[in-house]
Undergrad: 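Attaching a single structure in structure tokens format; questions to follow.
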Protein chains: 2
Amino acid sequence: MHRKEVAKLAGVSEATVSRVLNGVGPVKEETRKRVMEAAQQLNYVPSALAQRFALRRSGNLGVILPMLPKVNLFSTFYFSEVLSGIGITAKQRGYDLLMLFREPDEPRDYVNLFRTQKVDACIVLGAQDVPNERAALAELQDGRHPFCLVNQRFDGESFNTVDADHQMGSCQAVKHLAERGFKRILFLNGPAVYSNSLDRLDGYRQGIEEAGLTYDRSMVLVGNYSRKSGYKQAEAVAWLIREGRTDAVIAANDRMAIGLLQGLKELGIQVGKDVALIGCDDSDGARLTDPPLSSIQVPFYEVGCAAASRLLDTISDPRNSFAVKLPVKLIERASSAAVAFTES
Amino acid sequence: MHRKEVAKLAGVSEATVSRVLNGVGPVKEETRKRVMEAAQQLNYVPSALAQRFALRRSGNLGVILPMLPKVNLFSTFYFSEVLSGIGITAKQRGYDLLMLFREPDEPRDYVNLFRTQKVDACIVLGAQDVPNERAALAELQDGRHPFCLVNQRFDGESFNTVDADHQMGSCQAVKHLAERGFKRILFLNGPAVYSNSLDRLDGYRQGIEEAGLTYDRSMVLVGNYSRKSGYKQAEAVAWLIREGRTDAVIAANDRMAIGLLQGLKELGIQVGKDVALIGCDDSDGARLTDPPLSSIQVPFYEVGCAAASRLLDTISDPRNSFAVKLPVKLIERASSAAVAFTES
DNA sequence: GTGAAAGCGCTAACAT
DNA sequence: ATGTTAGCGCTTTCAC
């Protein structure tokens, strides 16, 4: 069962067993064969634990994710997609995936993951731009520990990042609406602790200006990315619609868009007819609503792949720092299909 | 930075440092203090890698999950919930979570996870009752490796399992419908490789009989748990409805129910009025459809907790084998709210 | 109560 | 081309 016995059975030293199994160093083909057979016969597999200890590498890629109680920070859709991308990529590169759940009250003790040698690199999901987070990440950076953020930038820092082009996304959404004649476009944003909220706002503003409309900050509402927060805006939005003060809404994620849509429906307002609506993420839910929700598709799986792949590159050469931005794409569905009623 | 230096600074041996940090063996309070201070001062944290190697325990709980290409086997909802439960529990018990993605064509080499000492125990998600899987699991069992299945039983084997009471669930659903006067209840099931499909069918049948109706196998349709497979049944179901041959449908998961609902809507049939519909899982999507979908709520998070918790118990004492079955609960929404039109 | 030393199963430098 | 040996950083007996 152990290497020693394999060595004995094959009539070689333990070192040779190692060489054969790792395919390193010169080995006579015949010995190689003998060793392989012995290993096979004894059903021997080297202990990853011992290997990693000897090599002082855990072989693990850590994924840190905050567990927001009940109110899922990320849609399960986002999470599953990103995680799959990371997982598949890690695996291809010979790394195992270590999941690290952080509970809300727990300190962000990222450095210790490296000091205890639990991970060789880590990806931080759902980071927020708050002082504690910045500090924890800066500490990682100072320690030269390979890490990478997904979907979150920190202005003024040069952290590795993989993000989607949210700015472009909302810009496109605005233009799409403007082209169809919508002129009073509301924007329902998320909290500013997430950089993509800011990005989306920038994009919205840019789109508004490029479409020849004028940016009006009172047209920007704020929710917290939950369905409920979208739902709660329905009354206000309904009123604006009835007053003729708005004819289209872009929400910073699908969950809020869906909540809003449900709220509006209850108030007798038909999305896709009385008002256009576009969400962000193109989650599963976007296809389920009535009418189906137009949404900005984000390649989350690819985001995960890129994060893992680029991050692992930096292990061998820390100069491989990166800030990737992946393109998004507007998916048009019935919620924004109509043409605006053109007022005189 | 290393234990040796801590020992020197504290003026003790390395063994004593260990004792202090692990809280084992008798240590004079004063030495304890000295060591703690030294460790603190040098910012010393023991290497989990070395520890685990010395103890011959990886400290990892593995989670195996098959990656079905694109067609997500489990809804992301199911997956996230179960995974959270497992993750939180593992953490509380001092284990790390190792994610193990298995691609479709890959062999099920579960035993090697243990032989390489990558995990101390593992949870298998999305297992199927096919020969290869049975064999792989049997091999684990033979090797006395602690493992546990979630949401899948294997008849004739005594594998550790945590499952929901799917049988009770569909039984309740049938009775709920029967009480409201529905008499011709269709059942849209999933593939038989998943034991819960069989359980649900049993429950359906039991419910039918207990409600004083008669079981008719032609009332059982089969999909593959995807939304599309539900959608595709819409024509057939619509026809049955128009012929007066059915007045209610239970689908074995929400995704199929939602697909069916969308298909029926396109065919001009109003769910919740022309026909009652109940799904299973109470996923996020159930709240998004129009009308909202009645569904059988499964405590996935708790399933994950139970699986991890009970499994880790078996590590210390293998006699702690288990087969847990958690209760489910019917959530009534508009899709099954109406009372059946009572024919003369 | 504390120190010395063996051993966990592997890698890698060095010797042959 | 292969064997020998010294670690890797920790735990744990066994002395003292």
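To find a chain, count down the sequence lines: A is the first, B the second, and so on, and within it residues start at 1. Note that this is a predicted model, so its numbers are computed, not measured.
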Undergrad: Rounded to the nearest Å, what distance is computed from the CG atom of residue B:Leu49 to the P atom of nucleotide D:dT11?
TA: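 Roughly 12 Å, once rounded to whole Å.
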
Undergrad: Between B:Thr16 and A:Ala48, who's closer to the 5' end of DNA chain C by nearest nucleotide?
TA: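 Whichever sits nearer the 5' end wins; that is B:Thr16.
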
Undergrad: Does a nitrogen or oxygen in the side chain of B:Gln51 sit under 4.0 Å from OP1 or OP2 of D:dG9?
TA: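 No, B:Gln51 has no side-chain N/O under 4.0 Å of OP1/OP2 on D:dG9.
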
Undergrad: Does D:dG3 have OP1 or OP2 under 4.0 Å away from a side-chain N or O of A:Ser13?
TA: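 Checking A:Ser13 against D:dG3: at least one side-chain N or O falls below 4.0 Å of OP1 or OP2.
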
Undergrad: What is the nucleic acid contact for A:Pro26, judged by heavy atoms within less than 4.0 Å: base, sugar-phosphate only, or nothing?
TA: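 Base: the residue A:Pro26, judged by heavy atoms under 4.0 Å, touches a nucleobase.
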
Undergrad: Is any side-chain N of the basic residue among A:Arg108 and A:Glu133 closer than 4.0 Å to the acidic one's carboxylate O?
TA: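 Judged by the 4.0 Å cut-off on N to carboxylate O distance, A:Arg108 and A:Glu133 do form a salt bridge.
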
Undergrad: Under 4.0 angstrom, heavy atoms only, what part of the nucleic acid is B:Ser18 near: base, sugar-phosphate, or nothing?
TA: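 Since a base atom lies under 4.0 Å of B:Ser18, the category is base.
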
Undergrad: Taking the basic N atoms (NZ, or NE/NH1/NH2) and the acidic carboxylate oxygens, is any pair closer than 4.0 Å for A:Glu29 and A:Arg32?
TA: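 A:Arg32 and A:Glu29: salt-bridged.
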
Undergrad: By nearest heavy atom, map B:Arg19 and B:Ser47 onto DNA chain D; which one lands nearer the 5' end?
TA: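 Closest to the 5' end, via its nearest nucleotide, is B:Ser47.
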
Undergrad: Over how many whole Å does the gap from B:Glu5 atom CD to D:dG9 atom C1' extend?
TA: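 So the two atoms are 12 Å apart, to the nearest Å.
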
Undergrad: Should the pair A:Arg52-A:Asp120 be classified as a salt bridge under the 4.0 Å nitrogen-to-oxygen rule?
TA: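 Looking at A:Asp120 together with A:Arg52, the answer is no, because their closest N to O distance does not fall below 4.0 Å.
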
Undergrad: Check every atom of D:dC10, C:dG9, C:dT11 against the side chain of A:Asn22 and return the nucleotide holding the closest atom.
TA: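 Selected nucleotide (nearest to the side chain): C:dT11.
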
Undergrad: Are any of A:Arg3's side-chain N or O atoms less than 4.0 Å away from OP1 or OP2 of C:dC10?
TA: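 Yes, such a contact exists.
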
Undergrad: Can you tell me if the side-chain N/O atoms of B:Tyr44 get under 4.0 Å from OP1 or OP2 in D:dC10?
TA: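 B:Tyr44 to D:dC10 OP1/OP2: side-chain N or O found under 4.0 Å.
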
Undergrad: Indicate yes or no: does A:Glu5 engage A:Lys8 in a salt bridge with an N to O separation below 4.0 Å.
TA: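 Here A:Glu5 does not pair with A:Lys8 in a salt bridge, since their nearest N and O are not under 4.0 Å apart.
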
Undergrad: Could you check whether the side chain of B:Arg32 and the base of C:dG1 have a donor-acceptor pair of N or O atoms closer than 3.5 Å, going by distance alone?
TA: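 Result: no qualifying N/O pair found.
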
Undergrad: Rounded to the Å, how far apart are A:Phe53 CZ and D:dG9 P?
TA: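 Rounding to the nearest Å, CZ of A:Phe53 and P of D:dG9 are 6 Å apart.
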
Undergrad: Salt bridge or not for A:Lys91 and B:Glu106, using N-O below 4.0 Å?
TA: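 Salt bridge: yes.
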
Undergrad: Starting from P on C:dC10, measure out to CZ on A:Arg57 and report it in whole angstrom.
TA: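 Going from CZ in A:Arg57 over to P in C:dC10 covers 16 Å.
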
Undergrad: Using whole Å, report how far CZ of B:Arg56 lies from P of D:dC8.
TA: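 Spelled out: CZ on B:Arg56 to P on D:dC8 is 20 Å.
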
Undergrad: Starting at CG of B:Leu21 and ending at C1' of D:dT12, how long is that distance when rounded to a whole Å?
TA: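 Computing the B:Leu21:CG to D:dT12:C1' distance gives 16 Å.
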
Undergrad: Ignoring backbone atoms, establish whether B:Thr31 has a side-chain N or O less than 4.0 Å from OP1 or OP2 of C:dT2.
TA: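 B:Thr31 to C:dT2 OP1/OP2: side-chain N or O found under 4.0 Å.
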
Undergrad: Heavy-atom nearest nucleotide on DNA chain C for A:Pro46 versus B:Glu14: which residue maps closer to 5'?
TA: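 Nearer the 5' end of the strand: B:Glu14.
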
Undergrad: Sequence neighbours excluded, which residues qualify as salt bridge (charged side-chain N to carboxylate O under 4.0 Å, His left out) partners of A:Asp313?
TA: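 A:Asp313: salt bridge (charged side-chain N to carboxylate O under 4.0 Å, His left out) contacts with A:Arg93.
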
Undergrad: Pick base, sugar-phosphate or nothing for A:Arg52, based on heavy-atom distances below 4.0 Å to the nucleic acid.
TA: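 Here A:Arg52 touches no strand at all.
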
Undergrad: Can you check the B:Arg34 CZ to C:dG1 P distance for me, whole Å?
TA: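 In whole Å, C:dG1 P and B:Arg34 CZ are 15 Å from each other.
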
Undergrad: What nucleic acid atoms does B:Val12 come within less than 4.0 Å of, heavy atoms only: base, sugar-phosphate, or nothing?
TA: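 Here B:Val12 touches the backbone only, sparing every base.
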
Undergrad: Between C:dG9 atom P and B:Gln117 atom CD, what is the distance in whole Å?
TA: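 Taking CD of B:Gln117 and P of C:dG9, I get 7 Å after rounding.
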
Undergrad: Any idea which of D:dT11, D:dG3, D:dC8 is nearest the B:Leu55 side chain?
TA: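 My answer, after comparing the listed nucleotides, is D:dT11.
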
